[in-house]
Amino acid sequence: MVDFLSRMSDGSLDRVRNARARETEASLRRRAADTAAVPRLCLSATGFDLIAEIKQHSPSAGALAEGTSEPNLVRRAVRYVAAGAAVVSVLTEPSAFGGHLEHLTTVAHAIDAPVLRKDFLVDPYQIFEARVAGASGVLLIVRLVDPARLVELVQAAAEAGLFVLIEAFDGEELALAAEVARGGLSNPPTLLGLNARNLTTLDIDSQRHAALADRFPPEHPPVAESGIETPDDAARVAALGYRLALVGTALMRADDPGKLVAAMLEAGRRKAAPPCA
């Protein structure tokens with residue numbers, strides 16, 4: 001049986017082929033270069049920040065959102081930012097997550113904060129798509145592409161002026177992510193993420209954040225991904241040294257997502273060490 005990540009890769013390749021049929025990469029790059037400036041990623045001096053996610057559906061949790069209309073997307077994004085989220089992540093993958101690039105554009109136009117394109121990106125073309133859509137950054141998944149393509153994607157992001165979150169699932173991938181990050185630019189910054197959910201099996205390993213917390217190079221802010229549902233979870237990963245947490249499903253399910261963002265930030269910042277400590 002084809003695993004989840006393979007299906008996402010195949011779907012992403014299909015989307016790239018269809019997009020190229022509508023517009024050449026040269027034309028897209030020109031539009032990206034002419035696109036207005038976007039908010040830059042700025043981490044707080046508290047030692048802990050939140051990437052708050054918008055997604056309509058989750059393969060493991062089912063439907064999550066009240067709808068994809070512009071008012072719903074904008075209302076949620078505004079609540080996240082008002083509560084202190086440093087970044088708003090927007091899922092743009094359509095088949096498993098109900099996303100679309102238009103959702104990202106809607107959010108980016110509504111807030112004065114960086115927006116991250118979260119998707120299963122496999123081609124530099126998609127980096128420039130993200131820039132045109134209003135993204136300030138992109139997620140790149142180590143397991144999804146070979147090392148040479150990962151370097152190419154990071155270089156495309158640097159050309160487009162986007163920050164990068166490189167996502168790993170184990171120690172070997174984290175070492176590769178760190179190696180690729182060292183070859184990139186420090187401004188915009190490269191974040192290194194460790195996902196507790198294995199996107200091949202969709203299982204969560206609740207101990208992974210603790211087991212690999214000491215494997216991050218100090219020059220690249222570490223991000224804890226998946227399995228963070230409560231303020232106590234945020235405090236736990238902050239105490240382990242994670243500079244940010246990416247939170248999606250818990251916020252999408254919350255009756256008051258802004259209140260949960262604020263509570264997670266408060267709990268995490270109580271446990272976090274200052275960045276220069």
Side-chain angles (χ1 to χ4, degrees), residues 1-21 24-25 28-29 32 51 53 55 59 89-97 99 101 104 116-133 135-185 188-203 208 212 215-217 220-223 225-226 246 248:
M1 183 175 69
V2 178
D3 64 45
F4 174 76
L5 203 58
S6 295
R7 288 192 287 112
M8 292 298 96
S9 176
D10 290 344
S12 189
L13 287 167
D14 284 342
R15 284 185 283 144
V16 172
R17 283 192 287 267
N18 291 336
R20 286 183 187 278
T24 67
E25 184 167 329
L28 181 65
R29 284 175 180 254
I51 302 173
E53 190 158 275
K55 57 183 175 183
S89 169
V90 179
L91 258 295
T92 61
E93 196 288 322
S95 65
F97 293 91
L101 266 175
L104 190 152
L116 174 77
R117 181 183 186 183
K118 190 176 180 186
D119 205 323
F120 299 83
L121 305 182
V122 294
D123 192 287
Y125 189 99
Q126 296 167 303
I127 304 294
F128 295 98
E129 277 185 332
R131 180 66 182 86
V132 170
S136 295
V138 291
L139 174 83
L140 302 177
I141 301 173
V142 172
R143 189 168 294 188
L144 196 63
V145 294
D146 63 43
R149 176 48 63 97
L150 182 60
V151 169
E152 189 178 0
L153 292 169
V154 170
Q155 291 173 341
E159 179 182 339
L162 303 179
F163 76 86
V164 174
L165 168 56
I166 305 178
E167 178 176 289
F169 298 100
D170 57 30
E172 182 178 348
E173 290 181 8
L174 189 56
L176 175 59
E179 181 181 349
V180 172
R182 279 193 292 271
L185 300 177
T190 299
L191 310 177
L192 298 184
L194 182 64
N195 198 336
R197 185 184 301 279
N198 185 321
L199 288 186
T200 299
T201 65
L202 298 183
D203 294 331
R208 189 176 301 164
L212 297 176
R215 303 283 288 274
F216 289 86
H220 295 288
V223 184
E225 302 177 54
S226 294
L246 193 156

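Basis for what follows: all heavy atoms, side chains included, without hydrogens, waters or symmetry-related copies.
The shortest non-hydrogen separation linking L212 to L194 is CB-CD2, 3.7 Å. Nearest heavy atom pair, residue A196 against residue S226, reads CB-O, 3.8 Å. In this structure, G248 and E53 approach most closely via the heavy-atom pair CA-CB, 3.6 Å. Smallest separation of non-hydrogen atoms from S95 and E93: OG-OE2, 2.6 Å. Nearest heavy-atom pair, M8 versus A96, reported as atom, atom and distance to 0.1 Å: CE-CB, 3.8 Å. Between Y125 and A19 the shortest heavy-atom distance is OH-O, 3.2 Å.
A 4.5 Å side-chain heavy-atom check between L101 and E129 finds at least one atom pair inside the cut-off. In this structure, P147 and E179 have side chains that are not in contact, with every pair of non-hydrogen atoms separated by 4.5 Å or more. By the 4.5 Å heavy-atom criterion applied to side chains, S89 and K55 are not counted as neighbours. Here the side chains of T190 and V180 are not in contact, with every heavy-atom distance at 4.5 Å or above. Side-chain contact between D170 and E173 is present, with at least one heavy-atom pair separated by less than 4.5 Å. In this structure, S9 and L13 have side chains that are in contact, with non-hydrogen atoms separated by less than 4.5 Å. Between R17 and R20, the closest side-chain pair of non-hydrogen atoms is not below 4.5 Å. Side-chain contact between P124 and L153: present, with at least one pair of heavy atoms (C-beta onward) separated by less than 4.5 Å.
Electrostatic pairing of D10 and R7 does not count as a salt bridge here, judged by no charged N lying under 4.0 Å from a carboxylate O. Under a 4.0 Å N-O distance rule, the pair R149/E152 qualifies as a salt bridge. Between R197 and E225 there is no salt bridge, since no side-chain N of the basic residue sits under 4.0 Å from a carboxylate O of the acidic one.
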Subject >> Steps toward side-chain contact (heavy atoms from CB on, under 4.5 Å) verdict (E25, D123) >> reply: CA-CA 11 Å; E25 184 167 329; D123 192 287; 4.2 Å; yes
Original post:
Checking side-chain contact (heavy atoms from CB on, under 4.5 Å) for the pair I141/F169: CA distance, chi angles, key distance, verdict?
Top reply: CA-CA 9 Å; I141 301 173; F169 298 100; 3.7 Å; yes
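Here L162 contributes atom CG and R131 contributes atom CZ; the two are 6.5 Å apart, rounded to the nearest 0.5 Å. To the nearest 0.5 Å, atom CG of residue L140 and atom CZ of residue R117 are 10.5 Å apart. In this structure, L139 CG and L165 CG are separated by 5.0 Å, a value rounded to the nearest 0.5 Å. In this structure, CZ in R29 is found 4.5 Å from CD in E159, a value given to the nearest 0.5 Å.
Looking only at distances, a side-chain donor or acceptor of R208 sits under 3.5 Å from a matching main-chain atom of N195. When atom types are taken as modelled, the side chain of D119 and the backbone of L121 share no donor-acceptor pair closer than 3.5 angstrom. Looking only at distances, a side-chain donor or acceptor of S12 sits under 3.5 Å from a matching main-chain atom of F120.
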